[in-house]
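We name chains A, B, ... by the order of the sequence lines, and we start the count at 1 in each one.
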Amino acid sequence: MASDATQQGQAAARTVLRLAVSLTCVAVAWQALTIGGPVFSWLFMNADWSELAAVRAERAGSFALLAAIPFLFTRFAKPAALVVFAWLLANATAQALVEPWLPALVIPAQAARWGAALALVFTRPQWLLRGAIALTFAAHGVEALYAHPLFVDYLIRGFGRVSLELGQPAAESMLLAIGVIDLLVAVLILLPKRLLPVALYMAAWGFLTALARMLFAGLEAWPDALIRVTNSAVPLTLALLWVRANRESGHA
Amino acid sequence: MPEQTKRAFFGNWIVVLVLLGAAGIGALTVLDRAEARDTSTREQAGLTALKGTVPAQWRIVWTENPATEAVISWTTADKPASAKLHYDTEARNGELPKYASTAAPETAGVYTDKKIKLHYHHARLTGLKPDTVYWFTIACDAQATRELHFRTAPEGDVDFKFLYGGDSRTNRGGRQAMNKRMRALLESDPAILCLVHGGDYVTDGDEMEEWVEWLSDHELTTTAGGRVLPVVPARGNHEAKGPQYDEIFCTPGDEGKNYYATRFGSQFLMINLNTEISAGGDQAVFLKDTLEANKALRWQCANYHRPAYPAVKKPGAALQHWVPLFEQFNLDVAFESDGHALKRTCAIRGGKPDETGVVYIGEGGLGVKQRTPDAERWYFQGGITASANHVQKVSVTKTEMKVESIGEDGSLLDTWTGKPRKRE
């Protein structure tokens, strides 16, 4: 039987996850309801639905996300999390179908998002969370190695904000290093040994890269940052679980 | 594991699998329906068939110097033993030996595709006379096109017109209708020089099947008298991947970059940018240098795909990296596509309405299904936005630039007129 400390750790981790999934729901729903999301785009442009029908379908999904939030904190958390997971996965799938730039990477890149929701369904989601964040970092690592144009622009603008001029070749070189590190930590997080510094690094980097959206485009880009909250919340959850578990095994 | 926990565990997984299965079946059903619909709309509309070595899908690509240079391109189903462009400043009625000049394709090859094997041919013409009608016939083996012609851009300080539009993807019927509209405009107004395209020609830029349809449909812009509408292309997000865009338009603006500036006459510059690569890197340097070097010109415009001030979606990287330069150099008009709506913003400077600012026009209406735009956005106060397929006719004179938005049925949807202004 797990000790009180471990149970407290699990409770704290679950709370972080629930909050992160809730914030993700708000951001996804906000984007869908204000500028339209990928499900709308795919239904309207690719599946030949009428604009009204596509808007209604996406609104239904968005309201389902918002409605699910309070239930995530009740005993109905599992069915609510399943609804959120299904819609987030549908979003990722639709995004992959309409995304022209490396579409195969979209679903894994968003794995932390839909994986976090799915993790709330399970009692012991540690490996699911590890797999999800590994996929997210690996996909972003590959995008960095391909010098994703937006990443190049984030770096150039980020350096520009502190009055440092960064040329495109330098930004692309930095992305090469970032890509390699992303891939490396994606592998390390999957090792059987619980590497707390890796989880903490991923949490910090996930937070910084989510924040980069607002540094780039201003406060108006808050949904872009918030939608990526699970990129830091998932490794943070792992870190919380591992801190307690490591203490436990240390005491033992 | 206790029985209750085990049951809950497997129960959860069954629900997950059922959800995934249902989503998968749903997606496949809709995809199948969409595919069937797509096939049923493949009307050929009397277009030149791709058969043997018959030269088809002709197009003229203009890049930096349309007064003296042009690339004339075409497609054949099979590889011809001989391919040649015959051209002259006099009409020769297709009698090949009478043409004063010939040009062999500078580059030729097979379009990249897994299923379709078609051949492209690009003949580059240089040293042309400005503001001159060139008559030409494309001959491959024993097959030849009818005699076609185009007018080179003027060189001096003269009046001219051009068309602007983007997003001719996904809806073939709409694209064909808009191509016919452009042909009607070209027939009724010979002062129109070309079409400046804002990108998103097709849905999947690495699927040659879609490009084949676009290329065939482009023939609908050729007038009954054989006048071809040259294209000044920009890359859209749906052509972001794959080499097909370069194979079709003969790599406008260098491989991997696809940005360049087009000079019409002595006083007008169109800067064609690529929103599918870094906006803030080398391209921003190019933009600044080009604006700086040409600030003495009366008119400066830009053409690119993802908008800085969108009618539908969120802004692209142009807002952060290009708009400050547009405002610094008092750009006259930024032509934008991507949103699938008609728009004209108010003049904007520093993120606010300002009469001295830059006007953003376009959003893509060359046939793509139109969306309902967000008319409440602040930059449409004093501007307009609507859901309507359209093309812009831009008339440039010494004293004004007039941009008319024309609907699929020929109706006038909007007019904006700008005056020359001082630059930095």
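- In this structure, chain B has a heavy atom under 4.5 Å from the side chain of A/Pro103, while its backbone stays farther away.
- By the neighbour-count criterion of 12 heavy atoms within 6.0 Å, atom OH of A/Tyr146 is sparsely surrounded, having that number or fewer from other residues, nucleotides or ligands.
- Once rounded to the nearest 0.5 Å, the distance linking CG of B/Asp282 with CD1 of A/Ile156 reads 7.5 Å.
- For A/Phe151, no part lies near chain B; criterion is any non-hydrogen pair under 4.5 Å.
- The minimum heavy-atom distance between B/Gln370 and A/Phe44, with the atom names listed, is O-CZ, 3.4 Å.
- For A/Phe71, the CZ atom counts as loosely surrounded, since its 6.0 Å shell holds 12 or fewer non-hydrogen atoms of other residues, nucleotides or ligands.
- Counting heavy atoms from C-beta on, the side chains of B/Lys369 and A/Asp48 come closer than 4.5 Å.
- When the heavy atoms of residues 314-324 of chain B are compared with those of chain A, the residues falling under 4.5 Å are B/Lys314, B/Ala317, B/Gln320, B/His321, listed by number.
- Heavy-atom pairs under 4.5 Å with chain B peak, among A/Ala171, A/Pro169, A/Ala90, A/Ala217, at A/Ala217.
- Interface residue B/Arg371: backbone and side-chain heavy atoms are both found under 4.5 Å from chain A.
- Remark: side-chain polar atoms of A/Asp153 are not paired, donor with acceptor, to backbone N or O of B/Ser278 under 3.5 angstrom.
- The CG atom of B/Asp374 lies 8.5 Å from the OG1 atom of A/Thr34; values are rounded to the nearest 0.5 Å.
- Heavy-atom contacts from other residues, nucleotides or ligands closer than 6.0 Å to NZ of B/Lys288 number 12 or fewer.
- Once rounded to the nearest 0.5 Å, the distance linking OG of A/Ser41 with NE2 of B/His340 reads 8.5 Å.
- Contact annotation for A/Gln31: only side-chain heavy atoms (C-beta onward) come within less than 4.5 Å of a heavy atom of chain B.
- Taking a 6.0 Å sphere around CZ of A/Arg161, one finds it holds more than 12 heavy atoms contributed by other residues, nucleotides or ligands.
- Sparse packing is recorded around CG of A/Leu219, with 12 or fewer heavy atoms of other residues, nucleotides or ligands lying under 6.0 Å away.
- For the pair A/Glu99/B/Asn237, no side-chain contact is recorded, criterion being any heavy-atom separation below 4.5 Å from C-beta on.
- Of the atoms belonging to B/Val368, it is side-chain heavy atoms, and not backbone ones, that fall under 4.5 Å from chain A.
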Side chains of residues 51-63 of chain A: which donor-acceptor pairs under 3.5 Å do they make with residues two or more places apart or in other chains?
{"unit_1": "A/Glu51", "atom_1": "OE1", "unit_2": "B/Thr372", "atom_2": "N", "d": "3.4"}
{"unit_1": "A/Glu51", "atom_1": "OE1", "unit_2": "B/Thr372", "atom_2": "OG1", "d": "2.7"}
{"unit_1": "A/Glu51", "atom_1": "OE2", "unit_2": "B/Thr372", "atom_2": "N", "d": "2.5"}
{"unit_1": "A/Glu51", "atom_1": "OE2", "unit_2": "B/Thr372", "atom_2": "OG1", "d": "3.3"}
{"unit_1": "A/Glu58", "atom_1": "OE1", "unit_2": "A/Gly37", "atom_2": "N", "d": "2.7"}
{"unit_1": "A/Glu58", "atom_1": "OE2", "unit_2": "A/Gly37", "atom_2": "N", "d": "3.2"}
{"unit_1": "A/Glu58", "atom_1": "OE2", "unit_2": "A/Val39", "atom_2": "N", "d": "3.3"}
{"unit_1": "A/Glu58", "atom_1": "OE2", "unit_2": "A/Phe40", "atom_2": "N", "d": "3.0"}
{"unit_1": "A/Ser62", "atom_1": "OG", "unit_2": "A/Glu58", "atom_2": "O", "d": "2.8"}

